[in-house]
Undergrad: 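Shown below is the structure under consideration.
Residues take their numbers from the sequence shown, with the count starting at 1. Computed over heavy atoms, backbone and side chain alike; hydrogens, waters and symmetry mates excluded. Order of appearance sets the numbers: ligands from 1, and atoms from 1 within every ligand.
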Amino acid sequence: MRITAVGGGPAGLYAAVLLAQQGHDVTVVERNPAGVTHGWGVVFWEPLLASLRESDPVSAAQIADAAFAWDGQDVDVEGRGRVARPSGGYSISRQRLLDLLTARAQELGVHTVFEHDVAPGEAEADLVIAADGVGSAHRRALADDLGPTVDVGTNKYVWLATTKVYTSFLFAFVRSSAGWLWCHAYGYDADHSTFIVECSPQTWRALGLDRMGAEESRELLERLFARHLDGHPLVGLPTEPDAPLPWLEFRTLHCERWWSGRTVLAGDAAHTTHFAIGSGTTLALGDAIALARALEGPADVPAALERYQADRQAALAPSRRDARNSARWLEDLERYIDTDVDSFATLLHRRCSSLLAHLPPTVYVKAREVAERSGAARRVWSQASALRRSALVRRGS
Ligand SMILES: Cc1cc2nc3c(=O)[nH]c(=O)nc-3n(C[C@H](O)[C@H](O)[C@H](O)COP(=O)(O)OP(=O)(O)OC[C@H]3O[C@@H](n4cnc5c(N)ncnc54)[C@H](O)[C@@H]3O)c2cc1C
């Protein structure tokens, strides 16, 4: 088959790598120049490496070599102290990941075209993989068939980096004159860390971040997070002198259907999950794996695409729930922030739980402590969570 992947992000490139190995004639078209992307490091965990090893051991080994291993999670609340929790995972620079996947795709004979913005309907191929990200023009053109819905979060966030290298994942909450701001920070190579800053829209406006240019915002954020930056700068600012920082609200996307005619969605074009659970890249790569698997064997393409859609919608359900709960927890920070730092760290760690929003935070923490001490209570606890989950599923939320 002649296949065009629109978008040279993780979904488009990894689908190209796998489909080229099945003997398809694959082209990836990316609108950015080679070596240019948005965003900084992304986290992932061992299960992703395991599934990459199964799908393409060559690129899996390269990604594992390039990965930065972080160890532990620190939760720091200004004025209350810091808690260190056992945890661990990996991260990698987005650019490095894309460079590795581009080189691997080219080695397998994939045609790569840069600096070309593909219009919907333009690609001449038997199958078009719309891997063109959350703003996908291809999805918008097929909106009547695909049924996309977007839920826009209320918090403001900006994806920056710093030259301070965090060897543990850091959640640091700082108190400003206008309310709380916090960072999600983790090293991703020997010289840099991702540094995402998030806050409520009220805090954002009251601090004047809605009106400031990038330099002024950087100075304010560096002052607020000075204790955590240790004199290192925030980097990743816009290059135009008067441009503001790219503050956004997270857009959670869901599509009823993932394919129409000869176009199939993959990655952020099909679904997004809030960045606080660090799963979008893993899910995009998972889409590529499932799509390639569905297309193996005799070519009944519509049946394969239907199978792919069913597989991935089922596989994504837990991540969608976790991401929704996690995003709501952070939007509801005032409900949790006044607890002592140990309880706060527990609540933050458990923010994906569906039960949490329905119990007073201190009751939840006590119940968990009891559950952790007693095997029997732990079973009751998981049954309660399962009942709550099935009630939510029945209500369709
Ligand atoms: C703040 C933040 C932090 C995140 N942290 C993590 C994390 O820690 N771990 C994790 O797993 N995920 C994380 N993610 C999510 C992750 O970045 C995305 O889920 C992932 O990049 C999706 O890959 P993709 O290939 O679907 O889309 P993208 O990476 O967005 O790639 C789409 C590509 O398509 C190109 N394109 C768009 N339109 C066209 C067109 N018409 N023609 C040609 N090219 C086009 C774009 O230029 C882009 O290169 C984070 C996201 C955010 C916002």
Undergrad: Kindly say whether Q313 contributes a backbone atom to a donor-acceptor pair with the side chain of R320 at under 3.5 angstrom?
TA: no

Undergrad: As a check for students: among A276, P10, G8, identify the option with a heavy atom nearest to atom 24 (P) of ligand 1.
TA: P10

Undergrad: Of the backbone atoms (N, CA, C, O) and the side-chain heavy atoms from C-beta on, which set of A131 has a member under 4.0 Å from an atom of ligand 1: side chain, backbone, both, or neither?
TA: backbone

Undergrad: Grab the two heavy atoms, one from R82 and one from D74, that are nearest each other, plus how far apart they are.
TA: NH1-OD2, 3.2 Å

Undergrad: To the nearest 0.1 Å, how far is atom 6 (C) of ligand 1 from its closest protein heavy atom, and which atom is that?
TA: V42 CG1, 3.5 Å

Undergrad: Can a side-chain donor-acceptor contact be found between T163 and H232 if the only test is distance below 3.5 angstrom?
TA: yes

Undergrad: What do we get for S279 next to ligand 1 when only non-hydrogen atoms under 4.0 Å count, side chain, backbone, both or neither?
TA: backbone

Undergrad: For ligand 1, which part of W40 has a heavy atom less than 4.0 Å away: the side chain, the backbone, both, or neither?
TA: neither

Undergrad: Where does A11 meet ligand 1, judged by heavy-atom distances below 4.0 Å: at the side chain, the backbone, both, or neither?
TA: both

Undergrad: Nearest protein heavy atom to atom 31 (O) of ligand 1, by residue and atom, and its distance?
TA: G9 CA, 3.4 Å

Undergrad: With heavy atoms of V29 as the reference, note each atom of ligand 1 found under 4.0 Å away.
TA: 43 (C), 44 (N)

Undergrad: Would you say T281 has any N or O atom under 3.5 Å from an N or O of ligand 1, going by distance alone?
TA: yes

Undergrad: Find the distance between CZ (R257) and CG (D145) and round it off to the nearest 0.5 Å.
TA: 8.0 Å

Undergrad: For the residue pair Y157 and F275, categorise the inter-ring angle as parallel (less than 30°), tilted (30 to 60°) or perpendicular (more than 60°).
TA: tilted

Undergrad: So, do L221 and L160 sit near enough that their side-chain heavy atoms are less than 4.5 Å apart?
TA: yes

Undergrad: Return yes or no for this condition: an N or O of G280 is under 3.5 Å from an N or O of ligand 1.
TA: yes

Undergrad: Applying a heavy-atom cut-off of 4.0 Å, say which part of H116 lies close to ligand 1: side chain, backbone, both or neither.
TA: backbone

Undergrad: Would you find more than 12 non-hydrogen atoms of other residues, nucleotides or ligands less than 6.0 Å from R85 atom CZ?
TA: yes

Undergrad: Quick one: does ligand 1 sit under 4.0 Å from the side chain of I196, the backbone, both or neither, non-hydrogen atoms only?
TA: side chain

Undergrad: With heavy atoms under 4.0 Å as the rule, classify the contact between F44 and ligand 1 as side chain, backbone, both or neither.
TA: neither

Undergrad: Does the side chain of E306 pick up a donor-acceptor pair with the side chain of W259 at under 3.5 Å?
TA: yes

Undergrad: Among all protein heavy atoms, pick out the one at the shortest distance from atom 17 (O) of ligand 1; state its residue, atom name and that distance to 0.1 Å.
TA: R94 NH1, 3.8 Å

Undergrad: Does any N/O atom on V118 come nearer than 3.5 Å to any N/O atom on ligand 1?
TA: yes

Undergrad: Out of A269, S136, G7, who is nearest to atom 34 (O) of ligand 1 when you count heavy atoms only?
TA: G7

Undergrad: Counting heavy atoms only, which of R251, H138, E30 comes nearest to atom 47 (O) of ligand 1?
TA: E30

Undergrad: If we count only N and O atoms by modelled type, under 3.5 Å, do the side chains of Q202 and S200 hold a donor and an acceptor together?
TA: yes

Undergrad: Could you check which of L101, V28, L97, V43 puts a non-hydrogen atom nearest to atom 7 (C) of ligand 1?
TA: V43

Undergrad: Among protein heavy atoms, which sits nearest to atom 36 (N) of ligand 1, and what does the distance come to when rounded to 0.1 Å?
TA: R31 NE, 3.8 Å

Undergrad: Roughly how far, to the nearest 0.5 Å, is CG of L146 from OG of S260?
TA: 5.5 Å

Undergrad: Heavy-atom contacts under 4.0 Å between V6 and ligand 1: side chain, backbone, both, or neither?
TA: side chain

Undergrad: Once rounded to the nearest 0.5 Å, what's the spacing between atom NE2 of H111 and atom CG of D25?
TA: 4.5 Å

Undergrad: Give the intermediate values and the outcome of ring pair (Phe, Tyr, Trp, His ring centres under 6.0 Å) for residues Y188 and W40.
TA: CA-CA 8 Å; Y188 64 81; W40 305 96; 7.0 Å; no

Undergrad: Regarding T273 and S319, do their side chains bring together a donor and an acceptor under 3.5 Å, going by distance alone?
TA: no

Undergrad: As an exercise, identify every atom of ligand 1 less than 4.0 angstrom from a heavy atom of D117.
TA: 40 (C), 41 (N), 42 (N)

Undergrad: Are any of the N or O atoms of D268 closer than 3.5 Å to those of ligand 1?
TA: yes

Undergrad: Which residue holds the protein heavy atom closest to atom 51 (C) of ligand 1, what is that atom called, and what is the gap in Å?
TA: W159 CZ3, 3.7 Å

